[in-house]
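Whatever order the structure lists ligands and atoms in, that order sets their numbers, starting from 1. Quick note: residue numbers are just sequence positions, from 1.
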Amino acid sequence: MSVEVERKFICTDETLKILEKTAVCVGQREFHDQYFDTAHFALTLQDFWLRKRKGCWELKCPMIRGQSKVEELCTRYREITNLTEIQQRVREVLKERGSPQLAEKSKTQKKDEVVGSQSQTVTTDETWLSDLDLKCFAEFTTVRRSFTLKEDGVQVDLDQANFGYSVGEIEVLVTEDRDVQSALEKIEKASQKLGLTGNQKIPGKMDVFLQKYTPMHYDALMKAHIL
Ligand code: V4E
């Protein structure tokens, strides 16, 4: 499990110039993301983000948010990439939320289950989503250019989504919680290097996607202070 700490920014021509001078471009790739939730937003209202990218599942789980200025501008999420763990965590989150569908479905799901390697029951790819009433609520394609800042090895991504929004992010991945503070410091340093002076939180691709295509979902998340 790793923790992703990141700060989003708008990449101006000026930022791009600095980036080209102080960073190495490590490549460009394109990926298609699908995000899943229940009809009542049971996952995202608790700040859990279930995603399928290039055939791989990921669950981003919230961590306590810090109060300082730098922490307000940064997000941190624990990332789970093992499908068995994802399914277990999603079930727990939905149960905590008292999802009525989950209680009902768990009575009937047994016939679709297969036994996992450590005697855990894991449903197959197709069935677990419908068992938990999870449906795709957002999908989009991103073209990403990635850079590594020369001295500190911090990664900077410039994303262009296919619904007309571009955003940059400075990202540090750590494996231990105790390293989050140093990740925040690295991000702060990188932000200064890139000349990011603004103190405003920049919307991510999801903010803009939901606002544009599913405003009810967007409003619910805004009301719950998730976005
Ligand atoms: C955590 C989250 C979402 C899931 C993924 O968001 P993000 O990291 O922005 O996407 P992407 O494509 O850069 O993923 P990566 O390749 O880095 O894994 S969607 C919404 N959130 C919550 C959230 C938030 N509350 N505030 C901000 C600024 N961003 C995201």
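- In terms of protein heavy-atom proximity, atom 22 (C) of ligand 1 is closest to Y77 OH, 3.3 Å.
- An N or O contact shorter than 3.5 Å is missing between E58 and ligand 1 by distance.
- Those atoms of ligand 1 that come under 4.0 Å of a heavy atom in K60, given as number and element, are 5 (C), 8 (O), 14 (O), 15 (P), 17 (O), 18 (O).
- For atom 14 (O) of ligand 1, the closest heavy atom belonging to the protein is R51 NH1, 2.9 Å.
- Comment: E58 does not engage K60 in a salt bridge, judged by the lack of any side-chain N to carboxylate O separation of less than 4.0 angstrom.
- Of the options K205, K54, R53, a side-chain hydrogen bond (donor to acceptor under 3.5 Å, both in side chains) to D33 is made by R53 and by none of the others.
- With hydrogens and angles left out, the side-chain atoms of D47 and Y77 include a donor and acceptor closer than 3.5 Å.
- Using a 4.0 Å cut-off between heavy atoms, D157 makes no contact with ligand 1 at all.
- In summary, R89 and E92 engage in a salt bridge, as defined by a charged side-chain N under 4.0 Å from a carboxylate O.
- When the heavy-atom distances from atom 12 (O) of ligand 1 to K205, E4, E79 are ranked, the shortest goes to K205.
- Using a 4.5 Å heavy-atom threshold, the side chains of C74 and L184 count as touching.
- Close to ligand 1: T75, with a non-hydrogen atom less than 4.0 angstrom away.
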Quiz prompt | side-chain hydrogen bond (donor to acceptor under 3.5 Å, both in side chains) evaluation trace for Q192 with E188 | solution = CA-CA 6 Å; Q192 284 173 7; E188 172 65 6; 3.1 Å; yes

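- Among F31, F209, Y35, the residue whose heavy atom lies nearest to atom 6 (O) of ligand 1 is Y35.
- Near E169, meaning under 4.0 Å from any of its heavy atoms, are these atoms of ligand 1: 13 (O), 17 (O).
- The K201 neighbourhood of ligand 1 comprises atoms 26 (N), 28 (C), with distances under 4.0 Å to a heavy atom of that residue.
- No donor-acceptor contact under 3.5 angstrom links the side chains of D133 and T38, judged on distance only.
- The shortest contact between atom 21 (N) of ligand 1 and any protein heavy atom is with W49 CE2, 3.4 Å.
- Counting heavy atoms closer than 4.0 Å to ligand 1, residue R53 contributes side-chain atoms (C-beta onward) but none from N, CA, C or O.
- A donor and an acceptor atom, one from each side chain of T142 and D159, are nowhere located under 3.5 Å apart.
- Taking a 4.0 Å cut-off on heavy atoms, I202 registers as neighbouring ligand 1.
- A salt bridge links R144 and E169; the closest N-O separation between the charged side-chain nitrogens and carboxylate oxygens is under 4.0 Å.
- Residue M206 has at least one heavy-atom neighbour below 4.0 Å for each of these atoms of ligand 1: 19 (S), 20 (C).
- Near I226, with a cut-off below 4.0 Å to any heavy atom, the atoms of ligand 1 are 25 (N).
- Proximity to E171 (heavy-atom distance under 4.0 Å) selects the following atoms of ligand 1: 17 (O).
- Side-chain contact of D179 with Q181: a donor-acceptor pair under 3.5 Å is absent, judged by distance alone.
- Taking a cut-off of under 4.0 Å to the non-hydrogen atoms of K8, the atoms of ligand 1 that pass are 7 (P), 8 (O), 9 (O), 29 (N).
- A donor-acceptor pair under 3.5 Å is formed between the side chain of N162 and the backbone N or O of T141.
- Counting the atoms of ligand 1 from 1 in the order shown, those under 4.0 Å from a heavy atom of E6 are 7 (P), 8 (O), 9 (O), 17 (O).
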